[in-house]
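Report on one structure; see the data block that follows.
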Amino acid sequence: MDTFICFIIPMIMGPIGVFDSGYGGLTVLRSIVDRLPQYDYLYLGDNARNPYGSRSFDVIYHYTKQAVDYLFSQGCELIILACNTASAKALRTIQQNDLERWVDHKRVLGVIRPSVEHLIHSSQSGVIGILGTEGTVKSDSYPLEIAKFSLQRKMEVWQHACPMWVPLIEDNSFDTEGAHYFISKDIDILLSKSKDIDTILLGCTHYPLVKNIIEKYVPNGVEVLSQGDLVAQSLEDYLRRHSDLDALCLKKGNVRFLTTESTLLFDERATQFYGSKVHSKQIDL
Ligand code: DGL
């Protein structure tokens, strides 16, 4: 009689990885955890090498790939790049060239697509303003993606880079006279590009921290949109449509934090972005 040997490959479940260059992705993680509290999450902030905003394509790709490799090595099956700059400059290359090194089901998603899917329906005038880092704006990812997804409707996209904002936010000096000056000036520049802009997307995950200030300088009738809720909603939908991947995501409700900088500094600052106490561990990439 033939003997059949049956190997059962154990399913290894892991947390959902959330990556940002620093603190900004915590605003996205907050929305995700509020919407999907049953999952486990592993946040990684590359604070030691932040900001990414004005770095070259090669450097952002290299740093982001290191972070993705690290999160995969920690058991993550799905990673969200909660950083527009990394989504704009590294996501496509990682999806096309690097994912095949890992087992089939590993996935990396960004924040641009969910924002675009929302924007093309939410703007009445079809004229949208995007505020972001130099890297995001120069990549033209938003205009290109919006053109791809709005075939039924002609849309206009105006962008403006705000290189001063991330350092002011990371440094906790955004509610000062100087910061207000830069914020109001950048908004004026964006709005001067078209009088029909009715929606401004905060295309950098750091910017929700200054949303209240931004709204002071934006006329009535112009909506200012943060990405957190859009990304959380889209993730929920993605997991519903990919039950195989969902089955590999741990669901014990644990949230852990990693930073490439000192944990003392991270824990103190991260609370402001995340909205509750954070205890991180320092790692090297
Ligand atoms: N939070 C990142 C983003 O959404 C940018 C911050 C940085 O410049 O490192 O683009």
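What you see is a predicted model; the values in this text were computed from it and never measured. Indexing begins at 1, ligand by ligand and atom by atom, following the structure's order. Computation of the quantities below employed the complete heavy-atom set of this structure, encompassing side-chain atoms and omitting hydrogens, waters and symmetry-equivalent molecules. Throughout, numbering of the chain's residues begins at 1 and tracks the sequence.
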Would Pro51 count as being in polar contact with ligand 1, using the rule that some N or O on each side must be under 3.5 angstrom apart? no
Leu230 backbone acceptor or donor facing Ser234 side chain under 3.5 Å: no
Output yes when the distance from some N or O of ligand 1 to some N or O of Thr136 is under 3.5 Å, and no in every other case. no
May I ask you to identify, for Thr205, whether its side chain, its backbone, both or neither come under 4.0 Å of ligand 1 on a heavy-atom basis? both
Would you call Asp229-Arg35 a salt bridge at under 4.0 Å N-O? no
Atom NZ of Lys148: over 12 foreign heavy atoms under 6.0 Å: yes
protein heavy-atom neighbour closest to atom 3 (C) of ligand 1 works out as Asn84 N, 3.3 Å
With a cut-off of 6.0 Å (strictly less than), are more than 12 heavy atoms of other residues, nucleotides or ligands near CZ of Arg153? yes
Considering only heavy atoms, does Asn50 approach ligand 1 within less than 4.0 Å through its side chain, its backbone, both, or neither? side chain
Near Thr85, which atoms of ligand 1 are under 4.0 Å from a heavy atom of that residue? 3 (C), 5 (C), 10 (O)
Closest to atom 6 (C) of ligand 1 (judged by heavy-atom distance), picking from Ser21, Ala88, Gly45: Ser21
Numbered atoms of ligand 1 (with element) below 4.0 Å of Thr133, judged on heavy atoms: 5 (C), 8 (O), 10 (O)
Is the distance between the ring centroids of Tyr207 and Trp165 under 6.0 Å? yes
Establish whether Leu119 and Leu235 are linked, either directly or via other cluster members, by ILVMFWY side-chain heavy-atom contacts under 4.5 Å. no
One thing to verify: whether Arg49 and Asp46 come together as a salt bridge, which I'm taking to mean a side-chain N less than 4.0 angstrom from a carboxylate O. yes
If you count the atoms of ligand 1 from 1 in the order shown, which ones are under 4.0 Å from a heavy atom of Gly53? 7 (C), 8 (O), 9 (O)
Aromatic contact between Tyr41 and Phe257, with the criterion being ring centroids under 6.0 Å apart: yes or no? no
Against ligand 1, does Cys83 come closer than 4.0 Å with any heavy atom? yes
Check Asp20 against ligand 1 and report side chain, backbone, both or neither, counting heavy atoms closer than 4.0 Å. side chain
Show me which atoms of ligand 1 lie under 4.0 Å from any heavy atom of Tyr52. 7 (C), 8 (O), 9 (O)
Give the single entry among Gln227, Lys89, His206 that approaches atom 1 (N) of ligand 1 most closely by any heavy atom. His206
Between Glu145 and Arg113, is there a salt bridge with N-O shorter than 4.0 Å? yes
